[in-house]
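Below you'll find the structure, written out as C-alpha cells, and then a few comments.
Order of the sequence lines fixes the chain letters, A, B, ..., with proteins taken first and strands second; residue numbering starts at 1 for each chain.
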2 protein chains.
Amino acid sequence: MGVVTGDGTVGKALTVLDQVAGIGRPVRMRELLETSEFPKPTLYRLLQTLTNQGMLTYNTEAQTYAPGIRLVRLAHVAWSQASLAPIARPHVDALAANLREAVHVAQIDNGQVVFVDKRQASTKFSTLAQAGQVAPAYCTGVGKAILAFLSEEDLEQALLQQAFHQYTPATHTSANTLRAELETIRAEGIAFDREEHAAGIISIAAPILTPSRRVVGSISIATATNRHSLEGLGKFRPALLECAQKIGAEAQSWQPPSLP
Amino acid sequence: MGVVTGDGTVGKALTVLDQVAGIGRPVRMRELLETSEFPKPTLYRLLQTLTNQGMLTYNTEAQTYAPGIRLVRLAHVAWSQASLAPIARPHVDALAANLREAVHVAQIDNGQVVFVDKRQASTKFSTLAQAGQVAPAYCTGVGKAILAFLSEEDLEQALLQQAFHQYTPATHTSANTLRAELETIRAEGIAFDREEHAAGIISIAAPILTPSRRVVGSISIATATNRHSLEGLGKFRPALLECAQKIGAEAQSWQPPSLP
DNA sequence: AACGACGTCTCATATAATGAGACAAAATAT
DNA sequence: ATATTTTGTCTCATTATATGAGACGTCGTT
C-alpha cells in the first residue's frame, strides 16, 4: 500500500531513502538495519549508492546517514512544480496576516495528506521545515476536506488506503461513519478535525476546488482546544472559503501529481 | 564530473530524474530523448519506474512528466536537514527587513553553489521556487566566499571542478587569477561578484564560518548595476558580516552534506 | 586479553535490466 | 481520404547488475 514495490533496484533504493528521510535526524546503519527488509550487505550497498549519488550524505565521524544536497536541489524543483504551495502562498499569507493561528496547505498522496506549506503572521516559527509532514486523511480536517470532494472512484480507492486506527475517542474507525460525515462536509463546504488525530488539536479546513470542481488540495486553520473552541474556529469559515476559492481559481491549469 | 556515474540502475534513474527536474516544466518523453544518453526503451522504462514510485508524475492527456509528490515529501525533509536555510532564515529575515535587495543563502555542492534560500522584505516575489538554483562557484560572490575559506585539500578539489567558462569579460578564466583573488577575499572577509557571471549583476557575499572556522555556506546581497554600484554594495559589509557570524555560531554542530 | 558490535568486503549465484526491433495509435503531410 | 511520419509502448535473447551468506577488520566493552 502506498509505495509501489516491484520496481527492482530503484524501488529498493528509494525505500532506503525514505527510511533515512523518515527518521528526521542523522541515523546509523545499525539502526536502519533493525527495521529494514534488506540483509546487511544489501542495505550497506544501497546506502553507499545513494551517498555516492548525493541523495544521502555520510558523516564519517558519527557514522550516520542523512539526506544529501542533491535531494535539496531536487527538492526545490519538486516543491515549485509538484506542490500547490507556490500558487497558494500569497493567498494564504493574506489570510494569515489577520490571524494568530497558522494556516496549512495540504495535498493528497496515496491516501495520506502531505502538508506542503504552513504560514503564520508571526515569523518566530520555522515554516518550511514542517512542510512535507504526512498525516492520515480520515482523521484530519485537511484530509476529510479533500476526501469529501474526490470523484466516486478516487474516494473508493482512498478509503481502501485508510487504516482507521483509533488515535482518540473521536476518531472514525470505519468507512461508513466517515462516509456520513463526508456528506455533511460536502453540504457545508467545511471540515472539522474534532480532536480526531491528536487530543487537544482541532482545525477547520476547506477544499481547494478548481472552477471545474476538481479537488487539488485543502487549507486549514489548526489550533489547540485551550486557545479556541470549534465554535470559535467556525467564525473563520467565510475567510477560509474565500481564500480556498481564490487559490482554486488560479489552480485551474495546475495539475496535481497523479497517483502512482 | 559532478554526478558520480557507475552506480548501476539507481544512478541511471537519478540521472533521468535530474533531467526532468532540470527542465523546470512538464516535459514529453521525446524531448527528454533528444538529450538523453539512454536508448528509447531504456529511457521509457526508467521514466515508468520513477513514475510508479511517485518520484515523477505523468499527465496522460499532455503525455508529460514532471516531479512527483513523493519528491515533495522527501524535499522538505532534505531541506530541513541538509540545508542551512532553517538555521539561517531568521537571521537573514532580520537583515533583509532593512534592505530593498534580496539576500541569498548558498552552499557548495560538487564545486557548484546551490542557493538554498532567498529572502526579501517585499513579499511580491516567489522565493522558494528560486531556491535550489545552481551556479558555478568561480564567478559568483557566494561561490568565491566559500572557496576562499575551504581547506587546502578541498580547495584543490573544488578548483578542478571549475569550468572557467568566460561568461563576461570580467570572468576568471584560470585557477591562478582566481587564487590571487581568494587571498584578497580571505584578508577582507568579503567577496564581490563584479559582473563575472552575468552582465549587469553584482553582489557582495560573506562566508558562513562556524566558531571552529569551518565554512558551511555563504550569504550575499545581489543587485543590478543600474540599482547599486560596488561601492554602494560595500556599505552592506558590516551588516552582512554580522549576519553571517550569527548564522555560523548556530551552525557549529550542523554538518553540511559531504561531497559524494 | 577476550568478546561483542558494527561496518565493510568477497564472489558464486540469482535476478534485473538492456536495447534492437517490432508494433500500435495518433499526428501530419499529401 | 490516404499515406507517411512521429511518438509511445512492448518483447525477449542477451548482458549487466545485484544479491546475500559468510568472512574480515576495527572499535568498544567487559
Side-chain angles (χ1 to χ4, degrees), chain A residues 3-23 25-68 255 257-260, chain B residues 3-23 25-68 255 257-260:
Chain A
V3 172
V4 175
T5 58
D7 277 308
T9 313
V10 176
K12 292 178 177 177
L14 294 176
T15 297
V16 171
L17 184 60
D18 264 1
Q19 196 186 352
V20 176
I23 301 283
R25 55 172 170 76
V27 59
R28 298 187 73 169
M29 181 178 132
R30 181 58 193 167
E31 183 177 345
L32 293 169
L33 191 59
E34 285 169 7
T35 54
S36 177
E37 69 200 74
F38 304 115
K40 188 170 53 168
T42 306
L43 177 63
Y44 176 75
R45 206 179 32 259
L46 291 167
L47 287 169
Q48 285 289 301
T49 298
L50 290 165
T51 302
N52 288 344
Q53 291 293 318
M55 299 295 276
L56 292 178
T57 187
Y58 184 63
N59 180 329
T60 53
E61 290 175 18
Q63 287 186 309
T64 52
Y65 293 92
Q255 193 77 22
S258 52
L259 298 184
Chain B
V3 172
V4 176
T5 58
D7 276 310
T9 314
V10 176
K12 291 176 177 178
L14 293 176
T15 298
V16 171
L17 185 60
D18 264 1
Q19 196 185 352
V20 175
I23 302 282
R25 55 171 169 76
V27 60
R28 299 188 70 169
M29 180 177 138
R30 180 58 194 167
E31 185 177 344
L32 293 170
L33 191 58
E34 284 168 9
T35 54
S36 177
E37 69 199 75
F38 304 115
K40 190 168 53 169
T42 306
L43 177 63
Y44 177 76
R45 205 178 33 260
L46 291 169
L47 288 168
Q48 286 288 300
T49 297
L50 290 167
T51 304
N52 288 345
Q53 291 292 319
M55 298 295 276
L56 292 176
T57 187
Y58 184 62
N59 181 330
T60 54
E61 289 174 19
Q63 286 187 311
T64 53
Y65 293 93
Q255 194 77 22
S258 53
L259 297 184

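Position along DNA chain C of the nearest nucleotide to A:R30 versus B:P39 favours A:R30 as the more 5'-ward residue. Residue A:E31 is the one, among A:E31 and A:K12, whose nearest nucleotide of DNA chain C lies closer to the 5' end (criterion: closest heavy atom).
Nucleic acid contact class of B:T9 (heavy atoms, under 4.0 Å, all strands): sugar-phosphate only.
OP1 or OP2 of D:dG8 sits under 4.0 Å from a side-chain N or O of B:R28. Distances shorter than 4.0 Å separate none of the side-chain N or O atoms of A:T42 from OP1 or OP2 on D:dT19.
Contact check for B:K12 versus B:E37: no side-chain heavy atoms found under the 4.5 Å cut-off. With a 4.5 Å cut-off on side-chain heavy atoms, B:L14 and B:L17 count as touching. Side-chain contact check for B:V16 versus B:L32: every heavy-atom pair is 4.5 Å or farther apart. Taking 4.5 Å as the limit, some side-chain heavy atom of B:T9 sits within range of a side-chain heavy atom of B:L46.
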Under 3.5 Å between N/O atoms: give me all the protein pairs with nucleotides 8-11 of chain C, atom names plus distance.
from	atom 1	to	atom 2	distance (Å)
C:dT8	O5'	A:Y44	OH	3.0
C:dC9	OP2	A:Y44	OH	3.2

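Atom pair B:N52:CG and D:dT9:P shows a separation of 12 Å (rounding to whole Å applied). In this structure, the CD atom of A:E61 is 18 Å from the C1' atom of C:dC6, given to the nearest Å.
Within the helix from C:dA1-D:dT30 to C:dT30-D:dA1, the inter-axis angle between the opening and closing five-pair segments is 40°, rounded to 10°.
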